[in-house]
Amino acid sequence: DVKSLDIEKLPYVDGFLYGFPCNDFSNVGETKGLDGKFGPLYSYGVRYLNHHNSKFFLAENVSGISNANQGTALNKILDELKNAGKSGYKLTVHKYKFEDYGIPQARHRFIIIGIRNDLNLNFKVPKPSLKKMPVRDALTKPPIPLSAKNQELTRQSKQVVERLSHIKAGENAWTANLPDHLKLNVKGAKMSMIYKRLDPDKPSYTVTGSGGGGTHVYHWEENRALTNRERARIQTFPDNFEFVGSKESVRKQIGMAVPVQGAKIILESILKTFA
């Protein structure tokens, strides 16, 4: 828990990378922003920079942060990061659409790059490849090895299996032609990813870290939810990366992560800036 850490005693690093919790900024949640339990936790990163004065930092959050607290939350966070450290930081704020960088998933995230003012360097946002990777290729080329960890199937009721059998690739519980006994009795907002099957010819929709029935991401052909290893593939983790913990904990770890290859592209761009 970051609140129990002694920030000043943490070691110095040239590059400080952190993803402050997105729960209060996500469009899926209540969007409490800085008034929530998790919203103010960005300030621990500011404290780290104030004390250690790293050469650069990378801070990550969901795209919904721009709307939190009527837009004031992001401005406050940017102002504090800009003025952190001994000389302040030159910020580059960009909303990355990772599917435009060859990641097999529609995932939109704000990434804030800060480079210390006294270094006089200009970070350039890496150019998107714009070549979309279909999720079928991500999950089958090459096939996931039989020896891969975190491959347990989700237990699903007969009703869920039957419901999925009526949902075509790319459809969800609201757009599919379901018989009455399989329709969901939900009032209010109808979230588009509920029991949504992947379209094999497009990138996946966003993999999330939690959620009840219908949010586990569903195979385009087989009547089942994806395994954690398949979700990890979509997040571009290597097959030999083992997640530790319960099945739900692993799901959360994968869903809260930045796509590995996306992070690599951005960090290589930072290294080029220093080179």
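No hydrogens, no waters, no symmetry mates; every other heavy atom, side chains included, goes into these values.
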| said: Less than 4.5 Å apart, side chain to side chain, heavy atoms only: is that true for Ile112 and Leu81? | reply: yes
| Any residue meeting ring pair (Phe, Tyr, Trp, His ring centres under 6.0 Å) with Phe274, in chain and number order, not counting sequence neighbours | Phe56
| side chain to side chain contact (heavy atoms under 4.5 Å, CB included) between Lys90 and Thr92: does it pass, once the steps are laid out? | CA-CA 7 Å; Lys90 185 182 289 185; Thr92 305; 5.7 Å; no
| field | Short side-chain to backbone donor-acceptor contact, Arg109 and Glu60, under 3.5 Å | value | no
| Would Ile111 end up clustered with Leu78 when hydrophobic side chains under 4.5 Å apart are linked, directly or stepwise? | no
| remark: Heavy-atom nearest pair, Ala173 first then Leu178, reads O-CD1, 3.5 Å
| request: State whether the side chain of Glu171 and the backbone N or O of Lys196 hold a donor-acceptor pair below 3.5 Å, judged by distance alone. | output: no
| Is there a donor-acceptor contact under 3.5 Å from the side chain of Arg163 to the main chain of Leu182? | yes
| Other residues, nucleotides, ligands: >12 heavy atoms within 6.0 Å of Asn185 CG | no
| note | Closest non-hydrogen atoms of Leu49 and Ala84, given as atom of the first, atom of the second and distance, are CB-CB, 3.9 Å
| task | Mind checking side chain to side chain donor-acceptor pair (under 3.5 Å) for Glu222 and listing every partner two or more places apart, or none if nothing turns up? | result | Arg224
| request: For the residue pair His181 and Glu162, confirm or rule out a side-chain donor-acceptor distance under 3.5 Å. | output: yes
| How about Ile113 and Ile266: do any of their side-chain heavy atoms sit closer than 4.5 Å? | yes
| query | Got a second to check how far Ile265's CD1 is from Glu268's CD, nearest 0.5 Å? | reply | 7.5 Å
| task | Evaluate the side-chain proximity of Leu164 to Val160: yes if any heavy-atom separation is below 4.5 Å, no if none is. | result | yes
| said: If we ignore hydrogens and angles and just use 3.5 Å, is the side chain of Thr206 paired with the main-chain N or O of Ala106 as donor and acceptor? | reply: yes
| note | Lys247 and Leu153 have their tightest heavy-atom pair at CE-O, 3.7 Å
| Partners passing ring pair (Phe, Tyr, Trp, His ring centres under 6.0 Å) against Phe98 (at least two apart in sequence or in another chain) | none
| said: Show the nearest heavy-atom pair for residues Pro203 and Pro104, with the distance to one decimal. | reply: CB-C, 3.7 Å
| query | Does the side chain of Arg116 come within less than 4.5 Å of Asn53's, by heavy atoms? | reply | yes
| request: Could I get the full list of ring pair (Phe, Tyr, Trp, His ring centres under 6.0 Å) partners for His51, not counting sequence neighbours? | output: none
| task | Kindly work out whether a path of hydrophobic side-chain contacts (I/L/V/M/F/W/Y, heavy atoms less than 4.5 Å apart) joins Ile144 to Val217. | result | no
| Heavy-atom side-chain proximity of Trp174 to Ser192 below 4.5 angstrom | no
| said: Assess whether a salt bridge exists between Asp180 and Lys183, defined as any Lys/Arg side-chain N lying under 4.0 Å from an Asp/Glu carboxylate O. | reply: yes
| request: State plainly whether one hydrophobic cluster holds both Val46 and Tyr48, where clusters connect Ile, Leu, Val, Met, Phe, Trp and Tyr through side-chain heavy atoms under 4.5 angstrom apart. | output: yes
| task | Verify, without hydrogens or angle tests, whether His52 (side chain) and Leu10 (backbone) share a donor-acceptor contact under 3.5 angstrom. | result | yes
| query | What pairs of residues pass the ring pair (Phe, Tyr, Trp, His ring centres under 6.0 Å) test when at least one of them lies in residues 197-230, not counting sequence neighbours? | reply | Tyr195-Tyr218
| message | If we ignore hydrogens and angles and just use 3.5 Å, is the side chain of Thr273 paired with the main-chain N or O of Ser269 as donor and acceptor? | response | yes
| remark: Going by chain and number, the hydrophobic cluster around Val244 (ILVMFWY, side chain to side chain under 4.5 Å) further includes none
| said: Applying a strict under-4.5 Å side-chain criterion to I, L, V, M, F, W and Y, I'd like to know whether Leu267 and Phe16 cluster together. | reply: no
| Nearest-0.5 Å distance that lies between atom CD1 in Ile234 and atom OG in Ser204 | 4.0 Å
| field | N/O donor-acceptor pair under 3.5 Å between Asp79 side chain and Asn75 backbone | value | no
| Passes side chain to side chain contact (heavy atoms under 4.5 Å, CB included), Leu226 versus Leu198? Steps please. | CA-CA 10 Å; Leu226 296 190; Leu198 295 168; 3.9 Å; yes
| What's the verdict on ring-ring contact (aromatic ring centres under 6.0 Å, His included) for Tyr44 and Tyr42, showing C-alpha distance, side-chain angles and the deciding distance? | CA-CA 5 Å; Tyr44 288 85; Tyr42 78 90; 9.3 Å; no
| query | Do you know the tightest heavy-atom contact between Val250 and Gly245? | reply | CG2-O, 3.8 Å
| said: Among residues at least two apart in sequence or on other chains, which ones pass side-chain contact (heavy atoms from CB on, under 4.5 Å) with Pro143? | reply: none
| task | Specify the closest pair of heavy atoms between Lys132 and Glu99, including all atoms of both residues, with the distance to one decimal. | result | CD-O, 3.5 Å
| Among all residues two or more places apart in sequence or in another chain, which pass the side chain to side chain donor-acceptor pair (under 3.5 Å) test with Ser129? | none
| Is there a donor-acceptor pair closer than 3.5 Å between any side-chain N or O of Thr236 and the backbone N or O of Val260? | yes
| request: Please answer whether the main-chain N or O of Ala148 pairs with a side-chain N or O of Asp239 as donor and acceptor at a distance below 3.5 Å. | output: no
| task | Report yes if some heavy atom in the side chain of Arg107 is under 4.5 Å from a heavy atom in the side chain of Pro259; otherwise report no. | result | yes
| Between CG of Asn223 and NZ of Lys158, what distance do you get to the nearest 0.5 Å? | 14.5 Å
| note | Residues at least two apart in sequence or cross-chain that pass side chain to side chain donor-acceptor pair (under 3.5 Å) with Asp14, listed by chain then number, are Tyr12
| message | Distance check, rounded to the nearest 0.5 Å: Ile270 atom CD1 versus Leu121 atom CG? | response | 11.5 Å
| request: Please determine, by modelled atom types, if Asn50 and Arg47 share a side-chain donor-acceptor pair under 3.5 angstrom. | output: no
| query | For Tyr89, what residues pass the ring pair (Phe, Tyr, Trp, His ring centres under 6.0 Å) criterion, not counting sequence neighbours? | reply | Phe57
| request: Treating Ile, Leu, Val, Met, Phe, Trp and Tyr as nodes and any side-chain heavy-atom pair under 4.5 angstrom as an edge, say whether Val93 and Val258 lie in one connected cluster. | output: no
| Contacts of type side-chain contact (heavy atoms from CB on, under 4.5 Å), residue Lys124, not counting sequence neighbours | none
| query | Would you say the side chain of Thr227 lies within less than 4.5 Å of the side chain of Glu152, judging by non-hydrogen atoms? | reply | no
| remark: Applied to residues 241-264, the ring pair (Phe, Tyr, Trp, His ring centres under 6.0 Å) test, sequence neighbours excluded, yields Phe237-Phe241, Phe237-Phe243, Phe241-Phe243
| task | For Asn150 and Arg251, test the side chains for any donor-to-acceptor distance below 3.5 angstrom and give the result as yes or no. | result | no
| task | Show the numbers, then the answer: is there a salt bridge (charged side-chain N to carboxylate O under 4.0 Å, His left out) between Lys76 and Glu80? | result | CA-CA 6 Å; Lys76 178 176 167 58; Glu80 290 190 30; 2.9 Å; yes
| query | Looking just at side-chain N and O atoms, do Asn172 and Thr175 make a donor-acceptor pair shorter than 3.5 Å? | reply | yes
| request: Scan side-chain atoms only and decide if Gln235 and Gln105 contain a donor-acceptor pair under the 3.5 Å cut-off. | output: yes
| request: Could you tell me whether a side-chain N or O of Ser54 sits under 3.5 Å from a main-chain N or O of Val13, the two making a donor and an acceptor? | output: yes
